[in-house]
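Taking it in order: structure first as structure tokens, then the write-up.
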Amino acid sequence: MNKTRRFIAGSYHLFMVLSTLIIPLLIYYGTRGQGTESFYGTVGAVLAFVILLAYLIIPNLRQSGR
């Protein structure tokens, strides 16, 4: 049972790391245009990165505080 829990936790962490990197890149490259569209895409990518990074870091901070 311990191996299963460890595998699930590791898989979740890997998924969060990959999504933290891939989703903002997809937003950025999907909105590369001219003018304000490019600016809004960059802002959206940065916001997505910050939000996903928070989801990745906050559980680790809570776990270390125990």
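Taking CZ from Arg6 and CD1 from Ile8, the interatomic distance works out to 13.0 Å, rounded to the nearest 0.5 Å. Separating the CD1 atom in Ile22 from the CD1 atom in Ile27 is a distance of 12.5 Å, to the nearest 0.5 Å.
A continuous path of Ile, Leu, Val, Met, Phe, Trp and Tyr side chains, each step under 4.5 Å between heavy atoms, connects Ile57 with Leu21, placing both in one hydrophobic cluster. Both Leu47 and Tyr40 are members of a single hydrophobic cluster when ILVMFWY side chains are connected at heavy-atom separations under 4.5 Å. Taken together through direct or relayed side-chain contacts under 4.5 Å among Ile, Leu, Val, Met, Phe, Trp and Tyr, Ile23 and Leu56 form parts of separate hydrophobic clusters. Both Val17 and Tyr12 are part of a single hydrophobic cluster, where members link through side-chain heavy atoms under 4.5 Å apart.
Contact between Thr20 and Phe49 at its shortest, heavy atoms only, is O-CD1, 3.4 Å. Summarising the geometry of Leu52 relative to Ser19, their closest heavy-atom pair is CD1-O, 3.4 Å, with the distance given to 0.1 Å.
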